[in-house]
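Below, all heavy atoms of this structure are taken into account, side chains as well, without hydrogens, waters or symmetry copies.
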Amino acid sequence: MSSELIVQIMPAVRIDRQVAGLLVLLSGELEVDTAHDLAERLELVRHHREVAVDLSGLTFMSAYGAATLAVAAAEVRARGGRLLVVNANSIVQRVLGLTHPDLLAPPEVTRAWRRLRAV
């Protein structure tokens, strides 16, 4: 079974006072076969202070994929920034809620990123 993960990195933006930084859009499946590609791409964003990872396009995420996001978040945090997950569907939220609940953005941050994507 071959899975695919598409990673798009959007330029730095600022909306409201709640969100500033990069938006990373994921679509496809985030699991053991695709997590390495995500880790490589996230190397490009680790120097930013604010990173939002939009998971609205994911159809599947394994615990391994969640761990990949957690490692990237820890590296961003070590540099004084934060990486948060926004727009996760209920299945992905459940995986993150069980494995790395600190990655889930507060509702007001998720709403701010949704407004940005609607523009």
#### Entry: Heavy-atom closest contact (His48 atom, Leu22 atom, distance)
CD2-CD1, 3.0 Å

### Query
Is a side-chain N or O of Arg82 found less than 3.5 angstrom from the main chain of Arg77, in a donor-acceptor match?
no

### Atom pair CG (Leu58) and CD (Glu29), whose distance is rounded to the nearest 0.5 Å
9.0 Å

### Query
If we only count heavy atoms from C-beta on, is the Leu104 to Gln93 side-chain gap below 4.5 Å?
yes

### Task
To the nearest 0.5 angstrom, please state how far the CG atom of Leu30 sits from the CG atom of Leu38.
5.5 Å

### Task
Working to the nearest 0.5 Å, report the span between CZ of Arg41 and CD1 of Ile6.
10.5 Å

#### Entry: Asn87 and Leu55, any side-chain heavy atoms less than 4.5 Å apart
no

### Task
Would you check if the side chain of Thr59 reaches a backbone N or O of Gly28 as a donor-acceptor pair within less than 3.5 Å?
yes

#### Entry: Test item: Val53 and Leu26 side chains (from C-beta on) under 4.5 Å apart, heavy atoms
yes

### Task
Starting from the C-alpha separation in whole Å, work towards a yes-or-no answer on side-chain contact (heavy atoms from CB on, under 4.5 Å) for Val51 and Val24.
CA-CA 7 Å; Val51 180; Val24 179; 4.0 Å; yes

### Query
Are Val85 and Leu96 side-chain neighbours, meaning at least one heavy-atom pair lies under 4.5 Å?
yes

### Message
Let me confirm one number: the OG1-CZ distance from Thr34 to Phe60, rounded to the nearest 0.5 Å.
### Response
9.0 Å

#### Entry: Residue pair Ile91 / Met61, side-chain heavy-atom distance below 4.5 Å
no

List the atom pairs, donor and acceptor, that lie under 3.5 Å between side-chain atoms in residues 65-73 and the rest of the protein, sequence neighbours left out.
unit_1, atom_1, unit_2, atom_2, d
Thr68, OG1, Tyr64, O, 3.1

### Task
Quick one: pull up CD in Glu43 and CD in Glu75 and give me the separation to the nearest 0.5 Å.
6.0 Å

#### Entry: Arg94 and Val92, any side-chain heavy atoms less than 4.5 Å apart
no

### Task
For Leu23 and Asp54, work out which heavy atoms get closest and say how close.
CD1-CB, 3.9 Å

